[in-house]
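Take a look at the structure below.
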Amino acid sequence: MCSVLAKKFYIFRHGECPLNKTGHIQGQTINGKLTEKGCKQAAYVGLMLKDKQIEVIVSSPMYRAIQTAKIVREHLQNIPILIDKRITEVNMGVVEGLHISYAEKLYAETYKHWRSNKLKDLLTSFENGETKADVRKRVFEALEYYAKMTNYKNIAISTHGIAISQILQYFGIKKNNIPNGTIIVVYYDKSHWRYSGFIGNEK
């Protein structure tokens, strides 16, 4: 086991993808590349993290997250990119690939509870999909691993909007819509997590 010192996590959402522009639900089955704007957002994240002494980037296995991580790394030292499925996109089940407006009409009651920030609605899922509670559990399992079982002190995480919104909700911050390229900072110290805030151009 490593020595557990204070750890700092820079957690960012991948850059824009085509379906982000059109308003369709990607989930895990649609593995799109970044748009030109998305590449610029990823480069911006890299510039924001350039002087943060990042030692490793941990990425979701989704291509959009890996592509973002690679662009971010261009602005850092030649550090490793590790792939961790625990920080992957939420499985949205039967609504993956649907336009948001269509999913909202077709699964009105489920969609209403899915968008809610109430504690009881963390257990809502679409058919064959995950709940937000599922996402939060696996994301924090990953964060705990890198906090406790590695010697990295400054860790970047390339992930997805739901993962970030669930990290924020853990700290009592209710924010459903996480813009592409958003960066949040959290600390792990003395067995406790602490939220530091957003950096860059969070909206």
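Quick note: residue numbers are just sequence positions, from 1. Computation of the quantities below employed the complete heavy-atom set of this structure, encompassing side-chain atoms and omitting hydrogens, waters and symmetry-equivalent molecules.
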Item to complete: To the nearest 0.5 angstrom, please state how far the NZ atom of Lys7 sits from the NZ atom of Lys153.
Response: 9.0 Å
Worksheet item: Which value, rounded to the nearest 0.5 Å, describes the distance between His24 atom NE2 and Ile30 atom CD1?
Response: 8.0 Å
Practice prompt. Run the numbers on Phe12 and Val72 for side-chain contact (heavy atoms from CB on, under 4.5 Å), then give the verdict.
Written response: CA-CA 10 Å; Phe12 54 87; Val72 169; 4.0 Å; yes
Worksheet item: Can you check whether Asn180's main-chain N or O pairs, donor with acceptor, with Glu16's side chain at less than 3.5 Å?
Response: no
Worksheet item: In terms of hydrophobic clusters joined by side-chain contacts under 4.5 Å, are Ile162 and Val58 together?
Response: yes
Worksheet item: Are Met62 and Ile66 joined in one hydrophobic group, where the rule is that I, L, V, M, F, W and Y side chains link up if heavy atoms are under 4.5 Å apart?
Response: no
Response to the item:
Residues His14 and Ala65: closest non-hydrogen pair is CB-CA, 4.0 Å
Item to complete: For the residue pair Trp193 and Phe9, categorise the inter-ring angle as parallel (less than 30°), tilted (30 to 60°) or perpendicular (more than 60°).
Response: tilted
Item to complete: Kindly indicate whether the side chain of Asn20, heavy atoms from C-beta on, has any atom under 4.5 Å from the side chain of Arg13.
Response: yes
Practice prompt. Anything under 30° is parallel, anything over 60° is perpendicular, the rest tilted; go ahead and classify Phe171 against Tyr195.
Written response: tilted
Practice prompt. Would you name the heavy atoms of Gly32 and Cys17 that are closest together and state the gap between them?
Written response: O-SG, 4.2 Å
Worksheet item: Under 4.5 Å between any side-chain heavy atoms of Asn154 and Lys52, yes or no?
Response: no
Worksheet entry | His99 (side chain) donor-acceptor with Ser101 (main chain) under 3.5 angstrom | yes
Worksheet item: Quick one: which of Lys132, Lys118, Glu109, His113 gives a side chain to side chain contact (heavy atoms under 4.5 Å, CB included) with Thr124?
Response: His113
Worksheet item: Side chains of Ile79 and Val56: does their closest heavy-atom pair fall under 4.5 Å?
Response: no
Worksheet entry | Straight-line distance of Asn176 CG to Asn117 CG, nearest 0.5 Å | 4.5 Å
Worksheet item: In Å and rounded to the nearest 0.5 Å, what is the CG to CG distance from Asp121 to Leu119?
Response: 9.0 Å
Worksheet item: Salt bridge or not for Glu36 and Lys40, using N-O below 4.0 Å?
Response: yes
Worksheet item: Are there more than 12 heavy atoms of other residues, nucleotides or ligands under 6.0 Å from atom OH of Tyr102?
Response: no
Worksheet item: How far does CD1 of Ile57 sit from CG of Leu49, to the nearest 0.5 angstrom?
Response: 8.0 Å
Practice prompt. Decide side-chain contact (heavy atoms from CB on, under 4.5 Å) for Tyr152 and Ile54; before the verdict, give the C-alpha distance in whole Å, the side-chain angles of both, and the deciding distance to 0.1 Å.
Written response: CA-CA 9 Å; Tyr152 299 120; Ile54 303 296; over 6 Å; no
Worksheet item: Glu55: what forms a salt bridge (charged side-chain N to carboxylate O under 4.0 Å, His left out) with it, not counting sequence neighbours?
Response: none
Discussion item. What I'd like to find out is whether the side chain of Gln166 reaches to under 4.5 Å of the side chain of Leu122, using heavy atoms alone.
Written reply: yes
Item to complete: Check whether Ile164 and Leu34 end up in the same hydrophobic cluster, where Ile, Leu, Val, Met, Phe, Trp and Tyr are linked by side-chain heavy atoms less than 4.5 Å apart.
Response: no
Discussion item. Test of understanding: with salt bridge (charged side-chain N to carboxylate O under 4.0 Å, His left out), list the residues that count as partners of Glu144, not counting sequence neighbours.
Written reply: Lys148
Fill in: Within-4.5 Å side-chain heavy-atom neighbours: Tyr111 and Leu106
no
Fill in: Short N-O contact, Glu141 and Arg138, less than 4.0 angstrom
no
Worksheet item: Between the main-chain N or O of Gly15 and the side-chain N or O of Thr68, is there a donor-acceptor pair closer than 3.5 Å?
Response: yes
Fill in: Parallel, tilted or perpendicular: ring planes of Phe126 versus Tyr107, cut at 30 and 60 degrees
perpendicular
Discussion item. Quick check on Lys120: does its NZ atom have over 12 non-hydrogen neighbours (other residues, nucleotides or ligands) under 6.0 Å away?
Written reply: yes
Item to complete: Would you mind checking if Arg115 and Glu104 are paired as a salt bridge, meaning a charged N to carboxylate O distance below 4.0 Å?
Response: no
Identify all side-chain donor-acceptor contacts of residues 80-97 below 3.5 Å with residues at least two apart in sequence or on another chain.
from  : atom 1 : to     : atom 2 : distance (Å)
Asp84 : OD1    : Arg86  : N      : 2.9
Asp84 : OD1    : Arg86  : NE     : 3.0
Asp84 : OD2    : Arg86  : NE     : 3.3
Asp84 : OD2    : Arg86  : NH2    : 2.8
Asp84 : OD2    : Tyr146 : OH     : 2.8
Glu89 : OE2    : Arg64  : NH2    : 3.4
Asn91 : OD1    : Gly93  : N      : 2.9
Asn91 : ND2    : Asn128 : O      : 3.4
Glu96 : OE1    : Gln28  : N      : 3.2
Glu96 : OE1    : Thr29  : N      : 3.0
Glu96 : OE1    : Thr29  : OG1    : 2.6
Glu96 : OE2    : Gln28  : N      : 3.0
Glu96 : OE2    : Met92  : N      : 2.7

Worksheet item: In the single-linkage hydrophobic clustering (I, L, V, M, F, W, Y; side-chain heavy atoms under 4.5 Å), do Ile157 and Tyr145 co-cluster?
Response: yes
Fill in: Interatomic distance, Ile11 atom CD1 to Thr182 atom OG1 [nearest 0.5 angstrom]
12.0 Å
Worksheet item: Taking a hydrophobic cluster as the set of Ile, Leu, Val, Met, Phe, Trp and Tyr residues connected by side-chain heavy atoms closer than 4.5 Å, whether directly or through intermediates, do Trp114 and Leu168 fall within one such cluster?
Response: yes
